[in-house]
*Asks:* 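Please see the structure below; I have some questions.
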Amino acid sequence: MADTESKAPSNFIQTIIEEDLKTGKNDGRVATRFPPEPNGYLHIGHAKSICLNFGLAQTYNGTCNLRFDDTNPTKEEVEYVDAIKEDVHWLGFEWHDGAHYASDYFDRLYDLAVRLIKDGKAYVDSLSADEIRQYRGTLTEPGKDSPYRNRSVEENLDLFQRMRNGEFEDGRHVLRAKIDMAHPNMLMRDPTLYRIRKAAHHRTGDRWCIYPMYDFTHCLSDAIECITHSICTLEFENNRALYDWVLDQLAMPCRPRQYEFARLNLTYTVLSKRKLIQLVQEGRVSGWDDPRMPTISGIRRRGYTPESIRTFCERIGVAKANSIVDMALLEHTIREDLNRRAPRMMAVLRPLKVTIENYPEGQAEMLTAVNNPEDAAMGTRQVPFSRTLYIEREDFLEDPPKKYFRLAPGREVRLRYAYFITCTQVIKDPHSGEVIELRCTYDPATRGGDAPDGRKVKATLHWVSAEHAVPGQVNLYDRLFVKPDPDEREEGKTFIDFLNPDSLDVLDDCRLEPELAEAKPGAIYQFERLGYFCADSKLSSRDHLVFNRTVTLRDAWAKIAGNK
RNA sequence: UGGGGGAUCGUCUAGCGGUAGGACUACGGACUCUGACUCCGUCUGCCGAGGUUCGAAUCCUCGUCCCCCAGCCA
């Protein structure tokens with residue numbers, strides 16, 4: 001309590017809430033809601049809204065409802081409601097009072113619509129969709145009244161009842177609010193309140209053949225649930241007038257207020273359900289939970305933690321100006337989190353054979369490796385070393401450029417937690433000329449990785465013992481799009497044209513430190529010097545290990561090398 | 001051209017008449033058995049023009065640019 005009072009509001013919505021609290025509005029109650037339509041999977045943009053709404057409830061000791069905005073049976077499915085629940089839970093939030101559904105309010109909504117008709121505030125229109133569009137006017141020209149606008153209350157009541165009874169085909173009639181066909185706000189030109197849709201609803205089945213529209217449903221659902229602050233995104237600013245109009249006509253016990261904030265945009269990805277569903281349907285990704293997808297399920301499978309997502313949502317802030325957040329911030333928050341908690345392991349993704357010529361054949365020994373230098377409590381483990389090893393192909397260069405510290409002919413480097421080795425000979429495939437093996441010598445005095453004579457090496461390489469290593473597949477993921485803003489208009493092109501052809505690189509000949517054989521699906525690791533990885537929650541098993549790269553480590557060398 | 005919103009470092013964001021601050025990025029350095037982490041340092045910003053004021057990102061005026069709205073989607 002003292003905590004929330006002493007902290008300065010961190011965004012304009014908190015400022016509003018604190019003002020409301022100060023003036024005693026809503027009896028000091030704060031009630032928010034997260035209202036997804038179950039017509040797709042949640043993405044990182046929704047995470048912003050979830051963190052905001054649930055976070056506000058936590059901060060001000062209020063409540064936050066989960067409410068499915070399920071008023072369009074032709075687009076909604078239970079698969080989506082289940083996925084949404086799972087995602088909200090995974091993010092770390094518990095909704096108040098069980099899941100709510102707008103469809104739970106269909107009866108009440110219907111009664112309220114009848115009341116509007118009785119009050120002469122709504123009428124059944126029998127114009128076709130096309131005609132309604134024509135009658136609406138344009139941005140600069142007023143619309144004109146429908147010829148059905150002045151039907152009697154009795155006739156409207158009768159027609160609406162018969163709409164409900166299923167006497168008419170889809171599109172034959174609609175219920176409209178009677179507001180003002182010349183209103184400068186297009187949404188106020190007699191908006192549609194109900195339409196006929198002879199479709200089964202995922203919860204109400206075929207009990208209904210008329211369904212309420214968003215603008216009628218949302219505000220009343222908020223009022224029914226006694227929401228105090230109804231927070232939505234900027235594109236609903238125009239809808240606020242209608243939100244208020246509906247609530248003003250129907251005296252509800254609670255009077256919620258709508259506030260709008262800018263939705264999240266992220267570089268190198270797209271965050272619109274329409275586009276994400278297209279990626280899935282066209283098979284550009286393996287599914288909603290493809291680790292390249294910005295969906296919560298994709299991000300989760302990629303190895304992101306809920307904590308890192310919440311931190312991200314805090315850092316991006318909440319404001320009213322549209323913006324595009326740099327993907328680098330998201331990557332920073334996951335690195336920050338994983339650095340603290342991910343056990344370190346050694347994994348060689350593109351193996352290059354190394355023979356330690358002066359190490360006895362058939363011998364092996366265990367060396368002690370630190371599990372996490374950031375957390376001593378995570379302890380140590382034993383890693384086997386032997387005469388034949390694998391190192392990363394990119395850690396050897398026959399003709400190294402200036403600042404390249406790694407292995408090269410005649411050069412000495414350290415094998416992490418093991419020994420100093422020196423490259424004495426390079427063996428190439430006689431046909432291709434490709435380097436296929438390195439012959440090296442090791443210095444037995446450097447066991448553990450320190451030279452008693454104090455000599456230094458510039459590089460430390462990760463490695464695995466050939467006979468002890470376990471095979472595995474590693475999926476290297478990169479940004480889904482090549483352009484920071486795939487939606488940016490370019491002649492004749494769509495966002496599909498900017499998909500990154502290299503967003504997935506499957507490496508199936510990787511050699512992993514033995515301990516990784518025990519990796520449980522979803523387990524997170526840092527593969528030293530490479531990045532953070534997680535065992536794929538769907539595909540990884542003891543028999544076939546599959547790891548997903550969550551994010552690379554920051555890489556100073558890549559920058560140096562890349563700049564030339 | 002109607003109505004509704006919005007403009008602060010490269011990016012996101014604070015500021016509420018009194019020295020423009022933070023985070024990310026970038027760059028430089030220190031440290032290092034991960035070219036990681038950590039630490040230190042540097043660069044860059046109030047959309048423009050007027051006005052009010054001792055003093056303006058903040059108040060006023062006039063512009064400019066950007067976003068949203070013409071679904072029986074949400």
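Letters A, B, ... are given to chains in the order of the sequence lines, protein chains preceding strands, and every chain is numbered from 1. Just so it is clear, the values below take in all heavy atoms, side chains as well, and ignore hydrogens, waters and symmetry mates.
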*Asks:* Could you work out, with side-chain hydrogen bond (donor to acceptor under 3.5 Å, both in side chains) as the rule, every residue matching A/Thr267, not counting sequence neighbours?
*Replies:* none
*Asks:* Going by salt bridge (charged side-chain N to carboxylate O under 4.0 Å, His left out), name the residues that satisfy it together with A/Asp487, two or more places apart in sequence or in a different chain.
*Replies:* A/Lys275
*Asks:* Figure out the CG/C1' separation between A/Asp395 and B/rG35, and round it to whole Å.
*Replies:* 11 Å
*Asks:* Across nucleotides 42-47 of chain B, 5' to 3', mark each nucleotide with B, S or - according to how protein heavy atoms within less than 4.0 Å reach it.
*Replies:* ------
*Asks:* Nearest whole angstrom, please: distance from the P of B/rA36 to the CZ of A/Arg416.
*Replies:* 12 Å
*Asks:* Taking OP1 and OP2 of B/rC68, is either one under 4.0 Å from a side-chain nitrogen or oxygen of A/Arg263?
*Replies:* no
*Asks:* How long is the line joining CG of A/Asp326 and C1' of B/rA26, in whole Å?
*Replies:* 11 Å
*Asks:* Considering only heavy atoms, which members of residues 332-346 of chain A lie under 4.0 Å from some atom of RNA chain B?
*Replies:* A/His332, A/Asn339, A/Arg344
*Asks:* Please state how far atom OH in A/Tyr211 lies from atom P in B/rC72, giving the value in whole angstrom units.
*Replies:* 18 Å
*Asks:* Can A/Tyr214 be said to stack with the base of B/rA74, given centres closer than 5.5 angstrom and planes under 30 degrees apart?
*Replies:* no
*Asks:* With A/Tyr194, which of A/Tyr211, A/Tyr123, A/Phe160 fulfils ring-ring contact (aromatic ring centres under 6.0 Å, His included)?
*Replies:* A/Phe160
*Asks:* Please name all residues satisfying ring pair (Phe, Tyr, Trp, His ring centres under 6.0 Å) with A/Tyr148, sequence neighbours left out, ordered by chain then number.
*Replies:* none
*Asks:* Report the secondary structure of RNA chain B in dot-bracket form, marking unpaired bases with a dot and bases paired to a different strand with |, and treating Watson-Crick or G-U pairs with both distances under 3.5 Å as paired.
*Replies:* .((((((..((((....[..)))).(((((.......)))))....(((((..]....))))))))))).....
*Asks:* Where does the angle between the aromatic ring planes of A/Phe385 and A/Trp463 fall among parallel (under 30°), tilted (30 to 60°) and perpendicular (over 60°)?
*Replies:* perpendicular
*Asks:* In this structure, how many angstroms lie between the P atom of B/rC68 and the CD atom of A/Gln258, rounded?
*Replies:* 17 Å
